[in-house]
There are 2 protein chains.
Amino acid sequence: MDLNHNHFSSQDCGDCPIRHRAVCARCDARELDELEQIKYYRSFEAGQTIIWSGDRMDFVASVVTGIATLTQTMEDGRRQMVGLLLPSDFVGRPGRERAPYDVTATTDLVMCCFRKKPFEEMMIRTPHIGQRLLEMTLDELDAAREWMLLLGRKTAREKIASLVAIIGRRDAALHLSGKKGPLTFDLPLTREAMADYLGLTLETVSRQISALKRDGVIELEGKRHVIVPDLDRLLEEAGDDTDGGLLV
Amino acid sequence: MDLNHNHFSSQDCGDCPIRHRAVCARCDARELDELEQIKYYRSFEAGQTIIWSGDRMDFVASVVTGIATLTQTMEDGRRQMVGLLLPSDFVGRPGRERAPYDVTATTDLVMCCFRKKPFEEMMIRTPHIGQRLLEMTLDELDAAREWMLLLGRKTAREKIASLVAIIGRRDAALHLSGKKGPLTFDLPLTREAMADYLGLTLETVSRQISALKRDGVIELEGKRHVIVPDLDRLLEEAGDDTDGGLLV
DNA sequence: TATCCCACTTGATCTGCATCAAGGCAGGCG
DNA sequence: CGCCTGCCTTGATGCAGATCAAGTGGGATA
């Protein structure tokens, strides 16, 4: 289904994030060298906006560490998150001038950017880069469709359970986990960001997290650290039939 | 942004739908011939299921005429549409064995299918096919993200207005319209299908359509034929700031 | 012409989540 | 130490949309 998902985590890359699944899993030495020429790093602090919707965007990029989000905002201020970028995720569209969404760092963040123009030229000469991008984009589309089911039809409780499951799994995948024991990880989002993700208000998020805790579905240490004693129970709460295959 | 969107409508294709934007906008004669070898047509009646989620899917396809939908269903029967396929849209993922969603014909439908295996092989040899698919997939991802904003944050009234605007525009685009006058078209979906699209119940859909009619935002002839006297008014009701650029 | 069916409409009531409002708690800084 | 600020929790109330239920209208069939 999707091949290199976990082969190149940010850990593997050290400070050579061009080896991310994003771009160059199949590049040869000359191509890697060419990518080196056009890449540069950018760091952001938690909360910082990377680019505003409508702004010129002359790079494409891959997340090295930290978390970024894509959000849309309506005139009256209603906000909906439409993308959640974890390490190794790719952002930016070859051929597009301007960003269609706000891109924000929700934690401290390092991105590996490629200048767009030369990247596009290289894509034409190097078909497997385009092929990788196609695979990744299709994965993202699948994730978006799961997300649509969540937004359109799930209850608040199910939404929270789904979000916890999604983040827990991605976190586990990122840590190359073969390790057993209860799933344990930090929620990298504020209650407000979770609300934007789920199409809820932050009060409802808070209440439903409390409810899941009260019912023993999850345990909390502090406000962010989650322990999932029974993943199957959580998935059941999430109303999830897919066995995680598609959730990115 | 996206190149051949309207250059190859189903009208242009006659019975050569391989000229759809989907696949072969840039193919030469030899490549077109190769595509001819692996293509075949399938027809469906309104309401017929083309493929169930989880079934083997050994083709990829392009819609020639009619409308198909992708939907997800939860165990308890809640349904959410996650894809709406109009003429010239593409469905199926190279490299995937099984369909992740139910695919259904909501009107009488003709699809132009390509056998998956040889299609994949051809894709490897013919990079610009992959490039076209990447462009199209990115367009679909953008559409999915608009859709997420709709599902997560819009009111029922805004959802209906948005849907009418989306279908009206796509219909206009399909008819190569230079013509002026009020936008006029058929809603190709039942109230129930609209509800599945919008994350509402069919009763709410019906009520809100009535409300928009009462308020003069739209006019109806029969139950399906819509006249939009003032597109800007409709877009305002839809809560839409994007000027339609991204709505596919 | 009657009758059946299906897509749709409309009404009455219920409820899950939003909204409005008031704290709590931890970390930073004077 | 006390105060502030940001993030979170919890309570009270309201409302948009779901649910339950009845009825309409038009097209197909006989």
Side-chain angles (χ1 to χ4, degrees), chain A residues 45-48 74 76-80 104 106-108 150-164 186-215 218-226 237 239, chain B residues 45-48 67 74 76-80 104 106-107 150-164 186-215 218-226 237 239:
Chain A
E45 292 176 11
Q48 218 179 331
M74 297 173 67
D76 61 6
R78 280 176 284 174
R79 286 158 42 89
Q80 176 64 52
T104 311
T106 58
T107 65
D108 290 344
L150 177 149
L151 289 171
R153 296 301 186 190
K154 289 190 177 178
T155 64
R157 185 182 174 96
E158 288 168 337
K159 285 178 174 181
I160 296 290
S162 300
L163 178 59
V164 172
D186 284 325
L187 291 173
L189 301 175
T190 64
R191 301 291 187 259
E192 190 182 17
M194 292 186 228
D196 286 343
Y197 185 108
L198 299 170
L200 298 169
T201 59
L202 69 93
E203 293 96 328
T204 299
V205 169
S206 182
R207 273 186 252 272
Q208 295 298 336
I209 288 179
S210 300
L212 288 178
K213 188 170 71 173
R214 178 169 21 78
D215 299 344
I218 60 174
E219 292 160 29
L220 283 184
E221 275 171 11
K223 295 171 190 292
R224 296 290 192 90
H225 193 76
V226 179
E237 291 284 354
Chain B
E45 291 176 11
Q48 218 180 331
I67 295 191
M74 297 172 68
D76 60 6
R78 280 176 285 174
R79 287 156 42 88
Q80 176 63 52
T104 311
T106 57
T107 64
L150 177 150
L151 289 171
R153 296 300 186 190
K154 289 191 178 178
T155 64
R157 185 182 173 97
E158 288 168 336
K159 286 178 174 182
I160 296 289
S162 299
L163 178 59
V164 172
D186 284 325
L187 291 172
L189 302 174
T190 64
R191 299 292 186 258
E192 189 182 18
M194 291 187 228
D196 286 343
Y197 185 107
L198 300 170
L200 298 169
T201 59
L202 69 90
E203 293 96 328
T204 298
V205 169
S206 182
R207 273 187 251 274
Q208 295 298 336
I209 288 178
S210 299
L212 288 178
K213 188 170 70 173
R214 179 167 22 77
D215 299 345
I218 60 174
E219 292 160 29
L220 283 185
E221 274 172 11
K223 294 172 189 293
R224 296 291 193 89
H225 193 75
V226 179
E237 290 285 352

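Throughout, a chain's letter reflects where its sequence line sits, starting with A, and its residues are numbered from 1.
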(Q) Can you build the contact string for nucleotides 11-26 of chain C? Use B for base contact, S for sugar-phosphate-only contact, and - for no protein heavy atom under 4.0 Å. (A) BB----SSBB------

Q: For B/Thr106, check side-chain hydrogen bond (donor to acceptor under 3.5 Å, both in side chains) against everything at least two apart and list the hits.
A: none

Q) Closest heavy-atom contact between B/Met194 and B/Leu187? A) CE-CD1, 3.7 Å

Q: Identify the heavy atoms of A/Tyr197 and A/Leu151 that sit nearest to each other, and give their distance.
A: O-CD2, 3.8 Å

(Q) My understanding is that only residues two or more places apart in sequence, or in another chain, count here; which of them pass side-chain hydrogen bond (donor to acceptor under 3.5 Å, both in side chains) with B/Gln208? (A) none

(Q) If the condition is salt bridge (Lys or Arg N to Asp or Glu O under 4.0 Å), which residues does B/Arg191 pass it with, not counting sequence neighbours? (A) none

Q | Helix axis bend for the helix from C/dT1-D/dA30 to C/dG30-D/dC1 - C1'-based end axes, five pairs, 10° rounding | A | 20°

Q: With a 4.0 Å heavy-atom cut-off, tell me which residues in residues 190-197 of chain A come close to DNA chain D, sorted by residue number.
A: A/Thr190, A/Arg191

Identify every side-chain donor-acceptor pair in residues 198-206 of chain B under 3.5 Å, counting partners at least two apart or on other chains, and give the distances.
from: B/Thr201; atom 1: OG1; to: B/Thr204; atom 2: N; distance (Å): 3.4
from: B/Thr201; atom 1: OG1; to: B/Thr204; atom 2: OG1; distance (Å): 3.1

(Q) Looking at A/Arg153 and B/Arg79, would you say the former's side chain and the latter's main chain have a donor-acceptor pair under 3.5 Å? (A) yes

**Q.** Shortest non-hydrogen separation from B/Leu150 to B/Lys159 and the atoms involved
**A.** O-CE, 3.3 Å

Q.
Restricting to salt bridge (Lys or Arg N to Asp or Glu O under 4.0 Å), what partner residues turn up for B/Asp215, sequence neighbours left out?
A. B/Arg157

Q: Would you classify A/Arg78 as touching base, sugar-phosphate or nothing, given that sugar-phosphate means primed atoms plus P, OP1 and OP2, and contacts are heavy atoms under 4.0 Å?
A: nothing

Q: Check the distance between C/dA7's P and B/Leu187's CG and give it to me in whole angstrom.
A: 16 Å

Q. Quick one: side-chain hydrogen bond (donor to acceptor under 3.5 Å, both in side chains) partners of A/Thr155, sequence neighbours excluded?
A. A/Glu158

Q: Can you sort out the partners of B/Lys154 under side-chain hydrogen bond (donor to acceptor under 3.5 Å, both in side chains), two or more places apart, ordered by chain and number?
A: B/Ser162

Q: Not counting sequence neighbours, which residues clear salt bridge (Lys or Arg N to Asp or Glu O under 4.0 Å) with A/Asp108? List them please.
A: none

Q: Check every nucleotide of DNA chain D for an atom under 4.0 Å from a heavy-atom of chain B, then give the first and the last such nucleotide from 5' to 3'.
A: D/dG17 to D/dC20

Q. Closest approach of A/Leu189 and A/Ala193, non-hydrogen atoms and distance?
A. CB-CB, 3.9 Å

